[in-house]
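Just follow the structure's listing: the first ligand is 1, and inside any ligand the first atom is 1.
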Amino acid sequence: MQRTSAMTSVQPDWENFYPRPISEKIPFFSKDGRLYDCLFAQQFNRELLNHLFETANKLKTVTHRKDGADHVSSLLSDKRAMLYFVQPSTRTFMSFLNACHIMGIKTSEIRDTTTSSEVKGETPEDTVRTFSSYVDMIIMRHPAPGFVEKTAWLMNRTGRPVPIVNGGSGKDQHPTQALLDVYTLYRSFAGEIDNKHIVMVGDLKRGRTVRSLSYLMKSYKGIKLSFVSPKEFRMESDILDFLRRHDIPFTETEDFRGVMKTADAIYMTRIQDEHDKSGESKAVDYSPFHFRQEHLKEIKKTCVIMHPLPRRHEIELSVDDDPRAVFWRQERNGMWARAALMAYIFGVDKKL
Ligand code: CP
């Protein structure tokens with residue numbers, strides 16, 4: 001694969017590179033004008049999103065038949081991927097693993113640093129570079145903000161880079177979750193995401209899914225966002241500034257009932273107390289930010305109820321039976337959206 005001039009030019013050291021605006025950094029993570037490392041939601045534009053969604057739709061359809069599934073699993077049968085997930089995950093890990101299997105990619109995994117040579121004092125950077133000796137792609141979830149990006153940056157400076165895919169990094173980004181979230185909107189609204197009112201609810205301060213989803217909204221016209229959260233967990237100012245810069249109107253409120261009536265999509269999230277420094281989540285009453293059975297009669301007939309999952313109590317179990325509850329479908333969409341992304345990164349998307 002030919003490398004772009006941006007990647008082969010002299011690059012600054014990490015400390016100078018990391019604080020740069022993401023728009024300036026994107027070329028370092030692209031090759032031949034295509035996304036190569038998938039690190040930030042801002043790397044997706046409308047054209048690429050539509051292409052990935054159509055690719056995911058094709059994958060779903062083609063693999064229904066055995067001959068189709070066999071064809072798809074031959075497309076990347078010469079590739080191997082490492083899943084390095086050192087922060088807990090069920091669905092991101094499982095959906096990437098199964099997306100690899102759909103595409104024929106062979107996989108290996110580390111899910112606990114105590115089983116890697118990091119316990120002998122090897123740096124995480126050296127550990128990840130070691131994977132690239134054996135595989136053609138590294139898919140990562142890591143608790144440290146910026147570490148996935150740093151890995152991609154380091155790899156792109158070696159003579160043997162492999163694509164790095166961000167499966168969730170610290171509190172900052174979860175770009176493939178945003179990809180599957182928008183794919184779910186795309187399928188729910190027959191491709192018409194423009195002019196929708198999207199309500200995000202819960203711990204917006206520490207939820208990386210709502211951050212990445214907010215970034216993707218710049219690809220659509222006439223979007224209106226409502227952020228519903230306890231005052232302690234309001235959306236961070238960098239996201240609000242991004243929305244202002246892109247003329248995306250938003251409101252912030254604690255009145256969930258007040259905004260749900262006009263919502264086209266309600267995106268619920270759980271409290272992210274794993275990020276607590278000293279048990280601060282316990283002091284917050286989260287119950288006004290729950291979706292209950294009684295709310296079903298308040299919302300539009302066409303509204304969809306989403307959740308990146310896992311959930312605790314923020315959506316009552318009985319809501320699952322309502323056809324507007326699409327979060328289980330959303331979870332399955334993740335596997336197809338991620339398979340489409342891998343097909344694109346390895347350049348076999350046109351062979352479907
Ligand atoms: N939505 C999501 O990232 O789920 P997991 O933490 O289970 O991967």
**Student:** Among all the protein's non-hydrogen atoms, which is closest to atom 4 (O) of ligand 1, and how far away is it?
**Tutor:** Arg91 NE, 3.1 Å
**Student:** Can you see whether Trp153 has Arg157 sitting over its ring - NZ or CZ less than 6.0 Å from the centre and within 45° of the normal?
**Tutor:** yes
**Student:** Identify whether NZ of Lys or CZ of Arg in Lys196 sits under 6.0 Å from the centre of the six-membered ring of Tyr220 and within 45° of that ring's axis.
**Tutor:** no
**Student:** Can a non-hydrogen atom of Glu331 be found less than 4.0 Å from any atom of ligand 1?
**Tutor:** no
**Student:** Are any of the N/O atoms in Phe93 less than 3.5 Å from those in ligand 1?
**Tutor:** no
**Student:** Can you name the one residue among His197, Lys224, Lys300 that meets side-chain hydrogen bond (donor to acceptor under 3.5 Å, both in side chains) with Asp264?
**Tutor:** Lys300
**Student:** Looking only at distances, can you tell me whether any N or O atom of Pro310, backbone or side chain, sits closer than 3.5 Å to an N or O atom of ligand 1?
**Tutor:** no
**Student:** Using a strict 4.0 Å cut-off to heavy atoms of Gln177, name the atoms of ligand 1 that fall inside it.
**Tutor:** 1 (N), 2 (C), 3 (O)
**Student:** Do NZ/NE/NH1/NH2 and the carboxylate oxygens of Glu232 and Lys205 come within less than 4.0 Å?
**Tutor:** no
**Student:** Please identify which atoms of ligand 1 are closer than 4.0 Å to at least one heavy atom of Thr90.
**Tutor:** 5 (P), 7 (O), 8 (O)
**Student:** Ion pair present between Lys25 and Glu149, side-chain N to carboxylate O less than 4.0 angstrom?
**Tutor:** yes
**Student:** Identify the protein heavy atom lying closest to atom 6 (O) of ligand 1, giving its residue, its atom name and the separation to 0.1 Å.
**Tutor:** Arg141 NH1, 2.9 Å
**Student:** Would you mind telling me if ligand 1 is within reach of the side chain of Thr209, the backbone, both or neither, using heavy atoms under 4.0 Å?
**Tutor:** neither
**Student:** Is the NZ or CZ atom of Arg141 both under 6.0 Å from the centre of the six-membered ring of Phe85 and within 45° of that ring's axis?
**Tutor:** no
